[in-house]
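When reading the values below, keep in mind they use all heavy atoms of this one structure, side chains included, and skip hydrogens, waters and symmetry mates.
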Amino acid sequence: MRHGDDLPRPAARRAFLLGAATAGTAGLGAAVGAWGGASPALAAGAGDDPYSVDVVTKGADPTGATPSDAAFRAAAAEVLASFQPGPISGAIPKRVLLIPPGNYLLTQPDSLLPNVDGTTGGGVVDGIAVTGYGKRLSRIVYSPTQNDTTLWTNNQRYKNVRVSGLTFTSTNATSSFNYAYSSATHGVQDTWYTDVEWRGSWKRGIGLDGPSPASNLNSEMGWDHCQVGGSYSDGFLVMGMSPSVSQQDQFLNYWFRDCKIEFQSGVFVKNKRGGSMNFVGGSYILTDTASNGTFFQLAADATSRNDSVMRLYAQGIRFELRGTGHKVIDSNWYKGHVTFVSCDDSAHSFQSWAPGALTHAYAFNANGSRGPMVRYVDCDLMGYHRVTTASAAQTAGKLLYDGCRFMNQTGGAGTASGFLRWTGGVTPRYELRDCLANASYLADVRNP
């Protein structure tokens with residue numbers, strides 16, 4: 001007998017999607033929700049599957065002809081009604097929010113999960129899952145009538161969040177997907193997106209914020225085989241949304257693995273406060289040739305901030321810059337490490353405008369006369385790179401190119417020519433070794 005043949009087919013399908021479910025005790029029966037709580041009829045175990053809540057069974061319209069906000073809210077309330085005591089922290093639902101194939105219209109903010117303050121409204125939910133049947137199979141269209149709204153807010157409440165198998169599309173360019181507000185005592189930690197897609201026009205994808213004083217903000221987040229499309233007037237991932245809060249310092253441990261980052265315009269990652277970020281594999285393309293766009297925008301907001309790590313690591317990524325207003329990185333970081341290993345942004349190096357394209361920019365004068373250690377290893381690079389320096393002697397930072405190929409330049413370094421250029425003040429510390437200018441070897445050079 002094949003595994004699952006002894007179950008009704010719908011239950012077997014859900015068990016396959018949601019993972020192996022183990023038998024457990026019944027829920028507490030006390031419903032916790034943002035819309036007045038759930039009735040006893042919504043206790044854990046209701047329906048044919050005690051481990052999932054299907055939004056269609058709550059009245060969601062899979063054709064998208066009518067809004068499904070009420071149905072999604074009812075389903076989320078039932079999930080939260082299945083609270084069981086958590087052996088580690090907070091409370092853990094026994095059920096998963098399930099979104100079958102279809103096109104679901106949501107028109108009101110916070111319809112995906114309830115916006116409840118975790119410090120006052122029921123405590124931390126330590127483990128919650130929202131799952132569809134696959135990217136573009138299960139689709140949610142966010143079309144609010146009001147501007148500047150957010151599809152779901154995590155206000156110091158949800159930890160260990162798993163969102164998978166869904167496509168989210170925005171029809172209102174002032175809308176945001178998620179706002180995460182975290183503090184030292186109620187951290188918004190360990191959120192993972194798998195096989196999730198974002199489309200349409202957004203103000204912001206995910207915004208990370210927190211109070212003063214605060215630390216340990218919004219850590220451990222991942223994106224696995226996801227796709228970022230559409231446009232973002234602020235950024236897809238914005239880290240540190242309150243520049244005046246010097247304690248916003250702990251944006252740690254972010255992973256993007258084998259993702260398709262193919263959006264029209266705006267900024268992919270806007271990191272205002274430092275952090276530790278990893279980007280491995282995938283295709284990164286800016287698709288609108290007439291618009292401006294940057295993959296990594298690294299700021300140095302609030303020089304009085306609590307000091308913390310500044311680290312960006314990119315490996316095995318193919319970048320595609322299709323216009324003169326496109327950049328891979330625009331950095332104002334004043335310390336730390338920026339590393340690109342086996343990356344390629346040369347797809348449009350054949351274009352007539354490519355030699356004059358500024359594709360990677362670094363400011364070593366944003367906070368003193370210093371910058372991060374910038375390292376490129378085995379990369380093919382188009383256009384040119386630029387460093388802006390201060391007039392005082394440089395105290396930290398360097399650019400190192402090891403085994404790289406410069407597609408559009410005949411020289412290695414120079415203030416107005418060559419691949420690496422600088423402006424503003426002193427000559428930056430740099431080193432080129434075993435590099436090619438197109439098809440010709442360059443002499444190794446180091447300064448100083």
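The salt bridge (charged side-chain N to carboxylate O under 4.0 Å, His left out) analysis of residues 165-182, with sequence neighbours excluded, yields no pairs. The side-chain hydrogen bond (donor to acceptor under 3.5 Å, both in side chains) analysis of residues 337-347, with sequence neighbours excluded, yields the pairs D344-S346, D345-H360. Residue pairs satisfying the side-chain hydrogen bond (donor to acceptor under 3.5 Å, both in side chains) criterion with at least one member in residues 279-288, sequence neighbours excluded, are listed as follows: E262-S283, D288-S291. Residue pairs that meet the salt bridge (charged side-chain N to carboxylate O under 4.0 Å, His left out) test with at least one member in residues 408-424, sequence neighbours left out, do not exist here. For residues 356-366, the set of pairs meeting the salt bridge (charged side-chain N to carboxylate O under 4.0 Å, His left out) definition, not counting sequence neighbours, is empty. Among residue pairs with one or both ends in residues 434-448, those qualifying as side-chain hydrogen bond (donor to acceptor under 3.5 Å, both in side chains) are R405-N438; sequence neighbours excluded.
Looking at heavy atoms from C-beta onward, R162 lies out of side-chain contact with T194 at the 4.5 angstrom threshold. Contact of the F268 side chain with the F256 side chain is registered, since non-hydrogen atoms from C-beta on lie closer than 4.5 Å. Looking at D61 and L105, their side chains never come closer than 4.5 Å, going by heavy atoms from C-beta outward. In this structure, the side chains of P114 and R157 come closer than 4.5 Å at one or more pairs of heavy atoms. Within the 4.5 Å cutoff, the side chain of N178 has no heavy atoms near those of the F168 side chain. Using a 4.5 Å cut-off on side-chain heavy atoms (C-beta onward), L312 and F279 make contact. With a 4.5 Å cut-off on side-chain heavy atoms, V79 and V96 do not count as touching. The side-chain heavy atoms of I140 and F72, taken from C-beta on, include a pair separated by under 4.5 Å.
Residue P355 comes nearest to Q409 through the heavy atom pair O-NE2, 3.0 Å, listed as atom of the first residue, atom of the second, then distance. When all heavy atoms are compared, the tightest approach of A76 to L112 is CB-O, 4.0 Å. Contact detail for M239 and V269: the closest heavy-atom pair is SD-CG1, 4.2 Å. The two residues G403 and C435 come nearest to each other via the heavy atoms N-SG, 4.0 Å. A pairwise comparison of heavy atoms in T167 and R136 identifies OG1-N, 2.8 Å as the closest pair. Minimum heavy-atom separation, G274 to W333: CA-CZ2, 3.9 Å.
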Less than 3.5 Å apart, which donor and acceptor atoms pair up between the side chains of residues 381-395 and the rest of the protein, not counting sequence neighbours?
unit_1: H385; atom_1: ND1; unit_2: Y401; atom_2: OH; d: 2.8
unit_1: T389; atom_1: OG1; unit_2: G425; atom_2: N; d: 3.1
unit_1: T389; atom_1: OG1; unit_2: V426; atom_2: N; d: 3.2
unit_1: T389; atom_1: OG1; unit_2: V426; atom_2: O; d: 2.7
unit_1: Q394; atom_1: OE1; unit_2: R429; atom_2: N; d: 3.4
unit_1: Q394; atom_1: NE2; unit_2: A396; atom_2: O; d: 3.3
unit_1: Q394; atom_1: NE2; unit_2: G397; atom_2: O; d: 2.5
unit_1: T395; atom_1: OG1; unit_2: S369; atom_2: O; d: 3.3

Table please: side-chain donor-acceptor pairs of residues 221-237 below 3.5 Å, with sequence neighbours left out.
unit_1: D224; atom_1: OD2; unit_2: R257; atom_2: NH2; d: 3.0
unit_1: Q227; atom_1: OE1; unit_2: K135; atom_2: NZ; d: 3.0
unit_1: Y232; atom_1: OH; unit_2: G229; atom_2: O; d: 2.8
unit_1: D234; atom_1: OD1; unit_2: K270; atom_2: NZ; d: 2.8
unit_1: D234; atom_1: OD2; unit_2: R204; atom_2: NE; d: 3.0
unit_1: D234; atom_1: OD2; unit_2: R204; atom_2: NH2; d: 3.1

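No hydrogens or angles considered: a donor-acceptor pair under 3.5 Å links the side chains of T119 and D117. Residues S164 and T131 have side chains that bring a donor and an acceptor to within less than 3.5 angstrom of each other. Inspection of the S111 and Y142 side chains reveals no N or O donor paired with an N or O acceptor under 3.5 Å. For the residue pair R370/N367, the side-chain donor-acceptor check at 3.5 Å is satisfied. A side-chain donor-acceptor contact under 3.5 Å links N172 and T174.
Atom OG1 of T359 sits about 12.0 Å away from atom CE of M407, to the nearest 0.5 Å. Rounding to the nearest 0.5 Å places OG1 of T191 at 6.0 Å from CG of N154. Note that OH of Y334 is 4.0 Å distant from CE of M310, once rounded to the nearest 0.5 Å. Summarising the geometry, atom CD belonging to E220 is positioned 7.0 Å from atom CG belonging to D190; distances are rounded to the nearest 0.5 Å. For the atom pair OG (S265) and CG (N292), the distance works out to 8.5 Å, reported to the nearest 0.5 Å. The distance from the NE2 atom of H326 to the CZ atom of F295 is 8.0 Å, given to the nearest 0.5 Å.
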>> Test side chain to side chain contact (heavy atoms under 4.5 Å, CB included) on M277 and L298; report intermediate values, then the result.
In response: CA-CA 11 Å; M277 304 177 291; L298 313 179; 4.0 Å; yes

> Can you check ring pair (Phe, Tyr, Trp, His ring centres under 6.0 Å) on Y193 and W198, steps first, answer last?
Replying inline: CA-CA 11 Å; Y193 297 92; W198 291 267; 5.4 Å; yes

>> What verdict does the side chain to side chain contact (heavy atoms under 4.5 Å, CB included) test give for R322 and I285, after you've listed the backbone C-alpha separation in whole Å, the side-chain angles of each residue and the deciding distance to 0.1 Å?
In response: CA-CA 8 Å; R322 295 182 177 178; I285 301 176; 3.6 Å; yes

> Going through the distances and angles, do R311 and S276 end up as a side chain to side chain donor-acceptor pair (under 3.5 Å)?
Replying inline: CA-CA 5 Å; R311 176 185 169 276; S276 180; 3.0 Å; yes

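Listed by chain and residue number, nothing satisfies the side-chain hydrogen bond (donor to acceptor under 3.5 Å, both in side chains) test with Q297 (two or more places apart in sequence, or in another chain). For Y179, the side-chain hydrogen bond (donor to acceptor under 3.5 Å, both in side chains) criterion is met by D209, not counting sequence neighbours. By the ring pair (Phe, Tyr, Trp, His ring centres under 6.0 Å) test, Y362 is found to be paired with no residue, residues two or more places apart in sequence or in another chain being considered. Taking the side-chain hydrogen bond (donor to acceptor under 3.5 Å, both in side chains) definition, one finds that S349 meets it with nothing, sequence neighbours left out.
Ring-plane geometry between F319 and F296 is classed as perpendicular, the angle between the planes exceeding 60 degrees on a 0 to 90 degree scale with a lower cut at 30. Using the six-membered ring where Trp is involved, F177 and W152 have ring planes that are perpendicular, over 60° apart on the 30 and 60° scheme.
Counting heavy atoms of neighbouring residues, nucleotides and ligands inside a 6.0 Å radius, atom CD of Q146 does not exceed 12 of them.
Between W422 and F364, the ring center distance fails the sub-6.0 Å criterion.
Remark: side-chain polar atoms of S68 are not paired, donor with acceptor, to backbone N or O of L106 under 3.5 angstrom. Of the possible polar contacts, one joining the D69 side chain to the T107 backbone as a donor-acceptor pair under 3.5 Å is found.
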